[in-house]
Protein chains: 2
Amino acid sequence: MLLEQMKLEDQLKTSNLPLARKLSLGILVTANYIDDRVAEALKPFDISIPQFNVLRILRGQKGKPANLSTIQERMVSKMSNTTRLVDKLISKGLAERVICESNRRKVEITITKEGLQLLEKTDPAVDAVEAEMTRNLTEEDIEYVTNCLNEIRK
Amino acid sequence: MLLEQMKLEDQLKTSNLPLARKLSLGILVTANYIDDRVAEALKPFDISIPQFNVLRILRGQKGKPANLSTIQERMVSKMSNTTRLVDKLISKGLAERVICESNRRKVEITITKEGLQLLEKTDPAVDAVEAEMTRNLTEEDIEYVTNCLNEIRK
DNA sequence: AAGTTTCATTTGTTCTAACAACATTTGTAC
DNA sequence: GTACAAATGTTGTTAGAACAAATGAAACTT
C-alpha cells in the first residue's frame with residue numbers, strides 16, 4: 001500500500017521541481033499520508049475521519065452544546081454539509097441535537113455518553129499513530145515546521 | 001472566507017495541544033488551504049484539481065503515453081477510480097486513450113494539443129499561487145520543512 | 001494446450017462532498 | 001406592527017470517491 005506512492009516519492013526527493021512546488025506537493029502528499037494512517041487506526045471503530053473530528057469538537061465543548069456554525073468553524077475542511085454529518089452521528093447514538101430555546105434558528109448539539117466512551121477508545125490509537133509519525137523529529141523540528149505552516153496560511 | 005478558519009487557527013497557534021497533534025493538524029489544515037487556493041486559481045479554466053493533476057502527469061511524460069497504473073502511482077491521493085477521471089478528460093478533448101498494442105490489457109493515455117494549451121494557460125496562475133503562499137519563507141525554510149515532511153512519511 | 005493465476009482496467013454500487021436553492025426565525029427600519 | 005434584510009439550518013441535486021466484483025488479456029504450470 002505504501003509502495004504505491006514510491007514513484008511520487010521519488011519525484012519529490014530527487015527531482016528538480018521548483019522549490020515552492022516541491023513544498024506544496026510535499027504538504028499535500030503528507031496530509032494524505034496522515035489521513036490514511038488515521039483512517040486505518042479508526043477503522044476498527046467504524047467511524048470516518050470527519051465524524052471523528054466532529055466528535056472531538058463536541059467533546060472539546062466540555063458539556064456546553066455547540067451549534068452548527070461553531071462546528072464548521074473548527075473543522076479542518078470546509079464541510080458544506082455539516083447537517084448530514086451530524087445526522088450520521090445522531091443515528092449512531094454518538095450525539096444529540098436540540099433546538100435552541102433562546103434562538104430557535106440555532107440548534108444545540110452535544111456529545112452523548114456513548115460518544116465520549118468511543119473517543120476514549122479511539123484516543124490511544126490516534127495518539128499512537130501521531131507519535132509514530134513524528135518519531136524522527138525533535139521538538140524543535142515540530143515547532144519550526146508548525147511555524148512555517150502558519151506562515152503559509154497567513 | 002479565510003475568517004471562517006479563525007477559530008481553528010487560534011486553536012492551532014495558542015492552545016497547548018500535544019506537539020505531535022499540533023503538527024498533524026497544521027499539515028492537514030495547510031493542505032486544505034493549498035487545495036482551496038489552487039482550486040480557486042483553476043476555476044476560470046473549468047477544471048478540477050484531480051483532473052489538473054492527471055494532465056500534468058501526462059505532460060510530464062513528454063510524449064510517451066502513460067497507462068492507468070502509472071498515473072495512479074503519481075497521484076497524490078489514492079484515486080480509486082482513475083478510469084472515470086480520464087474519461088472526463090477525454091470528453092473534454094484534453095486527453096486521448098488507445099489500447100496498447102504490445103500488451104492489450106494496458107491502455108495508453110496521452111495529452112492532446114488542447115490539453116497542453118490549457119496547461120500553458122493554467123501554469124502561470126498556479127505558479128503565482130504557490131509563489132505567493134511561500135513568500136514569507138526562505139529557501140532554507142522550504143528545504144527544511146520538505147525534509148521534515150519526508151521524515152514523517154518514512 | 002487446457003487450466004489456473006496474475007495483471008490492468010472497467011463497471012456497479014453505495015456513500016460522501018460541493019453548490020445552490022429553500023425555509024424559518026430573528027433583528028431592524030420605518 | 002408590517003416589511004425587509006440578515007442569520008442559521010436544512011434539503012435537493014449533481015458530481016466525485018471508496019470499495020468490491022467483474023471483465024478480459026497475458027503468463028505460468030504441468
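Computed over heavy atoms, backbone and side chain alike; hydrogens, waters and symmetry mates excluded. Naming convention: chains lettered A, B, ... in sequence-line order (proteins, then strands); numbering from 1 in each chain.
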In whole angstroms, how far is the [atom2] atom of [N] from the [atom1] atom of [X]?
| X | N | atom1 | atom2 | result |
| --- | --- | --- | --- | --- |
| F52(A) | dT16(C) | CZ | P | 17 Å |
| K78(B) | dA20(D) | NZ | P | 11 Å |
| D35(B) | dA17(D) | CG | P | 11 Å |
| N53(A) | dA17(C) | CG | C1' | 15 Å |
| I49(B) | dA17(D) | CD1 | C1' | 15 Å |
| I99(B) | dA26(D) | CD1 | C1' | 14 Å |
| E101(B) | dA25(D) | CD | P | 12 Å |
| L85(B) | dA17(D) | CG | C1' | 11 Å |

V86(B) and R97(B): side-chain contact (heavy atoms from CB on, under 4.5 Å), yes or no, with the steps?
CA-CA 8 Å; V86(B) 171; R97(B) 172 166 43 195; 4.2 Å; yes
With nearest nucleotide decided by heavy atoms, which residue, K88(A) or S102(A), maps closer to the 5′ end of DNA chain C?
K88(A)
Which pair of non-hydrogen atoms, one from R135(A) and one from K154(B), has the smallest distance, and what is that distance?
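Residues R135(A) and K154(B), closest heavy atoms: NH2-O, 3.4 Å.
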On a heavy-atom basis, which atom in M75(A) and which in P50(A) lie closest, and how many Å separate them?
CE-O, 4.2 Å
Ignoring hydrogens and angles, tell me if any N or O in the side chain of T112(B) forms a donor-acceptor pair with the backbone of G115(B) under 3.5 Å.
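Checking the backbone N and O of G115(B) against the side chain of T112(B), a donor-acceptor pair under 3.5 Å is found.
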Counting N and O atoms only, with roles assigned by atom type, does the side chain of T30(B) sit under 3.5 Å from a partner on the main chain of G26(B), one being a donor and the other an acceptor?
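Yes; judged by distance alone, with no hydrogens or angles, the pair exists.
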One character per nucleotide, please: for nucleotides 2-13 of chain C, 5' to 3', B when the base has a protein heavy atom closer than 4.0 Å, S when only the sugar-phosphate does, - otherwise.
----BBSSBBBB
Taking NZ, NE, NH1 and NH2 as the nitrogens, is one of them in E132(B) or R37(B) under 4.0 Å from a carboxylate oxygen of the other?
yes
